[in-house]
Amino acid sequence: MAKVDASTGYALVSSMVGTVALARAVSDPKLSDDLLLAGKTQAKLIIESYLG
């Protein structure tokens with residue numbers, strides 16, 4: 001199993017924190033949900049690219 005390097009790990013954590021911050025900052029519940037889904041989807045794609 002491939003390990004995620006530190007730089008990628010930091011980028012993933014930063015992206016997830018940013019996603020949550022943006023989702024909480026908007027007043028539109030649909031936009032908030034869309035932001036969370038997009039962040040989750042992209043994080044999963046990055047992780048899956050390492051795991052094969």
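Through direct or relayed side-chain contacts under 4.5 Å between Ile, Leu, Val, Met, Phe, Trp and Tyr, Leu35 connects to Leu22, Val26, Leu31. Other cluster members for Leu37: none, since no ILVMFWY side-chain heavy atom sits under 4.5 Å from it.
What you find for Ala23 and Ser32 is that their closest heavy atoms are O-OG, 2.9 Å.
Partners of Asp33 by salt bridge (Lys or Arg N to Asp or Glu O under 4.0 Å), not counting sequence neighbours: none found. Not counting sequence neighbours, Lys44 has no partner by the salt bridge (Lys or Arg N to Asp or Glu O under 4.0 Å) test.
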Donor-acceptor contacts, no H, no angles, side chain residues 6-18, under 3.5 Å, sequence neighbours left out:
{"from": "Thr8", "atom 1": "OG1", "to": "Asp5", "atom 2": "OD1", "distance (Å)": "3.1"}
{"from": "Thr8", "atom 1": "OG1", "to": "Asp5", "atom 2": "OD2", "distance (Å)": "3.2"}
{"from": "Thr8", "atom 1": "OG1", "to": "Tyr50", "atom 2": "OH", "distance (Å)": "2.9"}
{"from": "Ser14", "atom 1": "OG", "to": "Tyr10", "atom 2": "O", "distance (Å)": "2.9"}

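Note that CG of Leu36 and OG1 of Thr41 are 10.5 Å apart. Values are rounded to the nearest 0.5 Å.
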